[in-house]
Amino acid sequence: MSEPAGPPNGSPDATAGLRAGLRKLVREKPKSGGWQIGTRLRNYFLTGLVIVGPVTITLYIAWWFINVTDAWIKPFVPAPYLPDTYLPFPIPGFGLIVGFLMLTLIGALAANLLGRTLISFGEQMVSRMPIVRNVYSALKQIFESVVSATGPNQAFQKVGLIEFPSKGLWSIVFVTGETTGEVGAVMPGGEEDLLTVFMPTGIVPPTGFVCFLPRRNVLFLDMNIEDAAKVIISAGMVTPESQAKLREMAEQARRKQKG
């Protein structure tokens, strides 16, 4: 006797059984550890990339900077004073050392009366040149902004947020201090408690806008100047939270290596 035929493929019973089998297949875990091994290898690779990547790029940039500096400065150093003249191989970084000593010497000379007189005379000569004076003035402002922002007595005190360029859009600003002088005396808008802030325009922090606005319009952040600069330069891709996570991953990798 032949067995009774099952339900047709298009019947509700067949469809329900097919769905149940698919759900069971999805819920089942692979019996082999292939997926776990692949996940571990991926995590190890990413951890190694996080540790080695920044170090490698930093060393490459430092090596490139040393070579470029040597190529610029070494041709101006007399041959008797070059170690390369007496050694069979070049010494990298000698031009960088000479450049550092020369800049220090120029800074020391500029600190006395004679140096300031020479600098003032040179700036007066440059200010009479139509195109050169604009380039020189812009570059001088950029270098002064960078030095004042990274020096020990940095002009930036705190980091905050202001609504710019429109309501609901917030931009990072560096608070330089309270507004004083003629701007503070005028009290624009009838505001007495004003703050002076610097808002970078993009990935070039020395360029931006100097704004005077009421203290109540500034939302202060618990963030240092370095972290805020990283957020701006990286276009928001690097945040203090991501930096903390990277440090945690690096620490975990070190502990695993020691273990």
Can you find a heavy atom in the side chain of Val175 that is under 4.5 Å from one in the side chain of Val159?
no

Pick one: which of Ile97, Leu103, Val98 meets side chain to side chain contact (heavy atoms under 4.5 Å, CB included) with Leu101?
Ile97

Using distance only, find each side-chain donor-acceptor pair of residues 217-225 under 3.5 Å and give its atom names and separation, not counting sequence neighbours.
| from | atom 1 | to | atom 2 | distance (Å) |
| --- | --- | --- | --- | --- |
| Asn224 | OD1 | Glu226 | N | 3.4 |
| Asn224 | OD1 | Asp227 | N | 2.7 |
| Asn224 | ND2 | Asp227 | OD2 | 3.4 |

Return yes if some donor-acceptor pair links the side-chain N/O of Asp70 with the main-chain N/O of Pro92 below 3.5 Å, else return no.
no

Does Trp170 CH2 have over 12 foreign heavy atoms under 6.0 Å away?
yes

When the ring planes of Phe209 and Phe164 are compared, do they come out parallel, tilted or perpendicular, using 30° and 60° as the limits?
tilted

Kindly say whether Ala79 contributes a backbone atom to a donor-acceptor pair with the side chain of Thr85 at under 3.5 angstrom?
yes

Identify the heavy atoms of Pro90 and Lys74 that sit nearest to each other, and give their distance.
CB-NZ, 4.4 Å

Of the options Leu59, Thr58, Val52, which is the one that meets Val55 in a side chain to side chain contact (heavy atoms under 4.5 Å, CB included)?
Leu59

Would you say that Pro188 contacts Leu194 through its side chain, given a criterion of any heavy-atom pair below 4.5 Å between the two side chains?
yes

Count I, L, V, M, F, W, Y as connected when their side-chain heavy atoms are under 4.5 Å apart, and connections chain through other members. Are Val135 and Val132 then in the same cluster?
no

Heavy-atom donor-acceptor pair, Ser137 side chain to Arg133 backbone, under 3.5 Å
no

Tightest non-hydrogen contact, residues Pro130 and Asn134, listed as O-ND2, 3.4 Å

Say whether Leu82 and Met102 are linked into one hydrophobic cluster, either directly or through other cluster members, by side-chain heavy-atom distances under 4.5 angstrom.
yes

Does Glu123 reach the side chain of Tyr136, with side-chain heavy atoms less than 4.5 Å apart?
yes

For a 4.5 angstrom cut-off between non-hydrogen side-chain atoms, does Pro83 reach Phe89?
no

Connected via hydrophobic side-chain network under 4.5 Å: Trp72 and Leu96
yes

Can you tell me how far apart CD1 (Ile119) and CG (Leu109) are? Round to the nearest 0.5 Å.
9.0 Å

Given the rule that I, L, V, M, F, W and Y join up when any side-chain heavy atoms are under 4.5 Å apart, are Val210 and Ile172 in one cluster?
yes

Any sub-3.5 Å donor-acceptor pair from Tyr86's side-chain atoms to Pro80's backbone N or O?
yes

Exercise: identify the closest heavy-atom pair between Leu49 and Pro54:
O-CD, 3.8 Å

Does some side-chain heavy atom of Leu169 sit less than 4.5 Å from a side-chain heavy atom of Glu163?
no

Testing the 3.5 Å rule here: is there a donor-acceptor pair between the side chains of Thr196 and Thr179?
yes

About how many Å separate CG of Leu161 and OG of Ser171, when rounded to the nearest 0.5 Å?
8.0 Å

Going by side-chain heavy atoms closer than 4.5 Å, which hydrophobic residues are tied to Met125, directly or by a chain of links?
Phe121

Do you know the tightest heavy-atom contact between Phe94 and Tyr81?
CZ-O, 3.5 Å

So, do Val197 and Thr176 sit near enough that their side-chain heavy atoms are less than 4.5 Å apart?
no

Is the shortest distance from a Lys or Arg side-chain nitrogen in Arg216 or Asp193 to a carboxylate oxygen in the other one below 4.0 Å?
no

